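Pasting a structure here, questions to come.
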Amino acid sequence: MSSGATVRPGDARYRGLISGANTRWVGTPEYVRLVSSAAEVVAAVQEAVDQGLRVTVRSGGHCDEDFTTSSGIQVVINVAGMDAVYYDEERQAFAVEPGATLGRVYETLYRGWGVTLPGGTCPTVGAGGHIAGGGYGALSRLHGLTVDYLHAVEVVVVGADGRARTVVATSEPDDPHRELWWAHTGAGGGNFGVITRYWLRAPGTASAEPADQLPAPPAELLVSDVAWSWDDLTEEGFTRLVRNFGEWHEANSAAGSPGAGLYSQLKTQHRSAGAFRMSTQVDASVPGAPELLDAFLAAVNEGTGAEYSVNDRSVLPWFYVVREWFGFVEPSLPRWKAKSAYLRQAMPADQLAALYRQLTREDYDNPFSMVALVSYGGRINDVEAGVTAVAQRDSVMKLLYVTLWTEPSEDDRHDRWIRECYTDVYAATGGVPRSNDVTDGCFINYADADLADPALNESGVPWHELYFGANYPRLQAVKRQWDPRGEFGHALAVRPAG
């Protein structure tokens, strides 16, 4: 019996623990187990296996889909209490437990050693799923993905004999568990077991000093937030603006180029919002940082026939921006649906026309619906596609399609819009961003279960090809070895090889 607390229906805490940040997904598990150590996770998993109960794990609770709340889930292991971040002298790497939020990770690493991880811009996301999915963020063009720093992972797995145990898998070439490590560099959470700890350090680091083993963030950032009014933009002006954003990234996403130090989010909201914004940051210490930002803003706005308004242009400490600045740390709504795409180049004319069409529809009026184009590339693309489980290593932008709302009665309306928008934009490739010269599939951390539903994905492109590309067979082999009984899974989880 696990020594962790057990929360069952009738307990005042139960309602608050059976859903995550996306409140449209509410589970009905027999119980939630609150754990605080790897030993407690082993005991909790063993108990569930012994009783034949379907088990899942939750860390930060930001999953876009119902992976931890679906009707088949009977036990939720909540690892939010495992939130330590510290330097492990024995492994000479930074240890991060899965319940630590990105905000806690950034604060602890920065205050203690002046370093950081190139992770996401939402400080309340849990490290557990974020790292394993190949998390990226505002410093990734300079420093790569979170998984590019993954040295080792501790996982509770269940063997063919039905016994739960803890395994540590490292990146060392002679580690017999190395493939299990590799599978945690981009396959996402909930696939092979329960992650109980990560160890992170820059590969090839010779120094024994902790401050040399992860990237140092900029001391200060030059930040910019600008907005365009929909009333000032014709269709030609809007499509020119989005194309300009893409073309700038095509030309400025080589690792080591001056443009690689610039990160931006162009958040094209539905016309009912009245306007949409673009938030940008540049390392303020880089010579010519103001000129780089000015040139970027001019390039994006060129030929649009419109002028943008400036909401903010400031030099701020990195530590403030990563936790507080409104350009990247924005409030959300309790219900949402998301989709994604990788872009290898600027959106072509047919995609731009569809994007404009969907964002200006008069039969749909949600101001919290948007398609965000986000900077990618740089150092991310220095890594070959097979080195980690992240297959997409030559894109220059990532797209997030998202619609947010409050009322449960509106679920179908908002789902319909985002599905129609996505299908319209990728009509030329069957309604999905299949891998070609322009697009390269989807991002597993922006999970979209529609892609695994034959009734919704009629493209003929399997969901796993969109997410994992040529890496999927290797992931399947890991699944077969490390989860032979199929104890862990969800709608977009790796299936074992036949």
Side-chain angles (χ1 to χ4, degrees), residues 60 83-87 94 96 100-127 130-131 135-146 148-149 200-202 209-227 252 256-267 277-297 308-332 372 374-376 378-380:
D83 62 353
V85 180
Y86 59 95
Y87 186 73
F94 289 93
V96 175
T101 63
L102 295 184
R104 178 177 175 83
V105 173
Y106 299 152
E107 181 172 359
T108 305
L109 294 178
Y110 182 77
R111 290 186 185 278
W113 300 273
V115 298
T116 192
L117 275 179
T121 58
C122 180
T124 59
V125 165
H130 182 75
I131 294 174
Y136 80 107
L139 295 180
S140 289
R141 280 162 59 85
L142 285 173
H143 299 298
L145 301 177
T146 56
D148 297 337
Y149 296 86
L200 301 121
R201 72 181 187 203
E209 291 297 320
D212 296 332
Q213 293 175 16
L214 285 178
E220 292 183 318
L221 295 170
L222 171 59
V223 297
S224 163
D225 189 86
V226 302
N252 292 276
S257 70
L262 181 147
Y263 169 85
S264 188
Q265 299 177 354
L266 175 60
K267 294 161 276 198
R277 299 164 41 217
M278 183 173 72
S279 303
T280 308
Q281 73 172 45
V282 184
D283 182 346
S285 70
V286 173
E291 291 76 16
L292 175 61
L293 175 60
D294 289 339
F296 171 70
L297 293 171
Y308 56 79
S309 58
V310 178
N311 300 321
D312 189 20
R313 181 173 174 133
S314 308
V315 174
L316 297 169
W318 171 85
F319 193 43
Y320 174 84
V321 174
V322 80
R323 295 176 304 154
E324 305 285 350
W325 187 57
F326 72 93
F328 299 138
V329 183
E330 301 183 77
S332 185
V374 184
S375 298
Y376 207 66
R379 284 285 301 279
I380 297 168

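In this text, all values refer to a predicted model and were calculated from it rather than measured experimentally. Sequence positions, counted from 1, serve as the residue numbers for this chain. Atoms considered below: every heavy atom in the structure, side chains included; atoms not considered: hydrogens, waters and symmetry mates.
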Using side chain to side chain donor-acceptor pair (under 3.5 Å) as the criterion, list what pairs up with S257, not counting sequence neighbours. none
With S332 via side chain to side chain donor-acceptor pair (under 3.5 Å) - residues at least two apart: none
Please confirm whether the backbone N or O of V85 pairs with a side-chain atom of T108, one donor and one acceptor, at under 3.5 Å? no
According to side-chain hydrogen bond (donor to acceptor under 3.5 Å, both in side chains), does anything in residues 316-325 pair up with another residue at least two apart or in another chain? List the pairs. D312-W325
Less than 4.5 Å apart, side chain to side chain, heavy atoms only: is that true for F296 and T280? yes
Holding to side chain to side chain donor-acceptor pair (under 3.5 Å), I want the full list of residues that pass it with S224, two or more places apart in sequence or in another chain. none
Atom pairs and distances, donor-acceptor, side-chain atoms in residues 209-223, under 3.5 Å, two or more places apart:
{"from": "D212", "atom 1": "OD2", "to": "S207", "atom 2": "OG", "distance (Å)": "2.7"}
{"from": "Q213", "atom 1": "OE1", "to": "Y87", "atom 2": "OH", "distance (Å)": "3.0"}
{"from": "Q213", "atom 1": "NE2", "to": "Y87", "atom 2": "OH", "distance (Å)": "3.1"}
{"from": "Q213", "atom 1": "NE2", "to": "S207", "atom 2": "O", "distance (Å)": "3.0"}

With a 4.5 Å limit on heavy-atom distance, are the side chains of Y263 and L142 in contact? no
Under a 3.5 Å distance rule, please check whether Y106 uses its side chain to pair with a backbone N or O of G119 as donor and acceptor. yes
By the side-chain hydrogen bond (donor to acceptor under 3.5 Å, both in side chains) test, which pairs, at least two apart or in different chains, include something from residues 284-294? D283-S285, D294-R313
Give me each pair satisfying side-chain hydrogen bond (donor to acceptor under 3.5 Å, both in side chains) with a member in residues 115-127, each pair once, sequence neighbours excluded. H62-T124
For the side chain to side chain contact (heavy atoms under 4.5 Å, CB included) test, which of I131, L117, D83 pairs with V105? L117
Residues two or more places apart in sequence or in another chain: which of them pass salt bridge (Lys or Arg N to Asp or Glu O under 4.0 Å) with E330? K267, R277
Going by heavy atoms in the side chains, are V96 and L200 under 4.5 Å from each other? yes
Who are the ring-ring contact (aromatic ring centres under 6.0 Å, His included) partners of Y376, not counting sequence neighbours? Y136, Y342
For residues 107-119, which residue pairs qualify under salt bridge (Lys or Arg N to Asp or Glu O under 4.0 Å), counting only residues two or more places apart or in two chains? E107-R111
Can you name the side chain to side chain donor-acceptor pair (under 3.5 Å) partners of S375, sequence neighbours left out? H249
